[in-house]
Amino acid sequence: MAAEPKVAGLILKAGNPLTAPVDAVVIATTTDGKFSIFADGLTKAASTKLKSVLESVGATGAKDELVRIPATGIAKSKVIVAVGLGSLKKPISDEQLRRAAGNATRSLAGFKKVAMYLPAENPSSAGAILEGAALGAYTFTDHKSSTLNKAKSPVTSVTLFTSEANAKNKEYKAALDHARTIVHAIHFARDLINTSPLHMPPAQVAASAKSHLTGTTVKVQILDEKALARDGYGGILGVGQGSSRPPRLIRMEYKPKGAKKHIALLGKGITFDTGGISLKPPASMHEMKADMSGAAAVIATIKAIHDLALPVSVTAYAACAENMPGGGAQRPGDVLTTYGGRTIEVLNTDAEGRLVLADVLVRAAEDKPDVVLDIATLTGAAVVALGHRTAGVMGDDHVRDAVKAAADKAGEEFWPMPLPEELRAPLDSIVADIANIGQREGGMLSAGWFLKEFVADGLPWAHLDIAGPAYNSQSPHGYTHKGGVGFGIRTMVTFAKDVISGVI
Ligand code: BES
Ligand code: ZN
Ligand code: ZN
């Protein structure tokens, strides 16, 4: 796997995009006044011509519309792409801009330099445009042999033209740096998720985390199978014992001077989930290479928080194991002793994410954080309930609501979920402290209840079930490609900022 992810060069400039030496210019269209183009600052002649050519090929300005025309006689570039924003009468959200910009660059694979001319009215919208544009300019080719690789290369540089860029330069510069950091983090996670599971066993996740964090002040500690056995991590070991490739626990610590709060981030890192002895059906099993998306997200998030120099301490744990049905695999009926001594009866070996998280929930409490988030592709039930684009969040009400608020600001779809009382009793085991499956109906919430059992009393906690949005097996859309999405990073970074501002 390539060491560090690629991010398109991002530039902010005042000036005229139509005379820029680029391959493509992206402009915005709207449905206001029937059809109009966002042309503040363009010459009257150019905007009139642009509008009439676009109209003649049927552009309407509708949301998500994408029209490509030759730039001959209008701009110096080869092509012009018009992205529809719908009506600008309602204030346009940063996420709408992010998606429009990403949709455009995604469609421009094969072109190198792109000029963006979208309404960047403040630093935050400028940042969102740059972020979306760079996220759209992604491809994963690590497993393509160069001789056969006909994939078009993604856009390599994006220049956002905005007359505001000079005026309030400092804030725009900060937005630009923020966008770079976030995209770097998301591309790192996407690469890890997209890598073939053959090439991404637990030891490789650990090696990738280590190299990603080299040269930072984040301390990385890796517990191998011997250390895990010595310290009693029975959940992680139980899940990993059916694989020839042993589990790893990655512990990362960011402790900046002056930090007043401390966040723990825990990620599920199942590098491949066959289900184990409770084997999954074959149809889409290959997508279970994405079952380490939570681990990828916490590694990427702690790096981003470090790069942004946020004044908050973070301890992150990535609990990595491969869930295979090998001869040494755990059996339904086995009882595991988790970190700290509590026991779990494994009634279904496919409910393995909660087993590895049980260990780290108990371990993380020893660090005395102020709040704990865990993030996991935990249940198929989450996909049934919320579909492919929305994650569930549950736990202590105030933490759950703070995560939802952070997600709204960051532009990621999360929805708050309850933990209904009656779903706890079905998790009772007749031989151990708890069983790893409960009532089938409300499976996402049962999983939440299971995790809650391992959260220290009084420790504020929320659980993020990203089973739906972590991996895009549907059509690409906005800045989201097929494959690994890199979901949850933006929400956790925003959450960290909110914790600094005192939300927890
Ligand atoms: N990794 C899966 C959950 C999953 C399903 C993620 C689909 C992404 C897409 C998890 O380990 C699992 O298999 N959970 C079981 C739990 C059940 C046995 C209680 C499930 O959801 O079926
Ligand atoms: Zn599973
Ligand atoms: Zn799983």
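Order of listing sets the numbers, starting from 1, for every ligand and every atom in it. Bear in mind the structure is a predicted one, so any value in this text is a computation, not a measurement. Below, each value reflects all heavy atoms present in this structure, side chains not excepted, and no hydrogens, waters or symmetry copies.
When the N, O or S atoms of E352 are ranked by distance to the Zn ion (ligand 3), OE2 comes first. Minimum-distance N/O/S atom of D273 relative to the Zn ion (ligand 3): OD2.
Under 4.0 angstrom from ligand 1, there are no non-hydrogen atoms of E287.
The atoms of ligand 1 that sit less than 4.0 Å from any heavy atom of K280 are 2 (C), 12 (C), 13 (O). Annotation for ligand 1: atoms under 4.0 Å from non-hydrogen atoms of G380 are 3 (C), 4 (C), 5 (C), 20 (C), 21 (O). Near I437, with a cut-off below 4.0 Å to any heavy atom, the atoms of ligand 1 are 19 (C). Heavy-atom proximity to M288, at under 4.0 Å, picks out these atoms of ligand 1: 1 (N), 4 (C), 5 (C), 6 (C), 7 (C), 8 (C), 9 (C). Against a heavy-atom cut-off of under 4.0 Å, T377 is close to the following atoms of ligand 1: 1 (N), 2 (C), 3 (C), 6 (C). Interface atoms of ligand 1 facing K268, defined by a heavy-atom separation under 4.0 Å, are 1 (N), 10 (C), 11 (O).
Taking a cutoff of 4.0 Å between a charged side-chain nitrogen and a carboxylate oxygen, E95 and K409 do not qualify as a salt bridge.
For residue D291, an N/O/S atom approaches the Zn ion (ligand 3) to within less than 2.8 Å.
With 3.5 Å as the limit, one finds a donor-acceptor pair spanning the side chains of Y339 and E366.
Taking all heavy atoms of E352, R354, Q439 into account, the minimum distance to atom 11 (O) of ligand 1 is reached by E352.
Between N348 and ligand 1, no N or O atom pair is found at a separation short of 3.5 Å.
Taking the six-membered ring where the residue is Trp, H306 and Y254 present perpendicular rings, their angle passing 60° and hence far from 30°.
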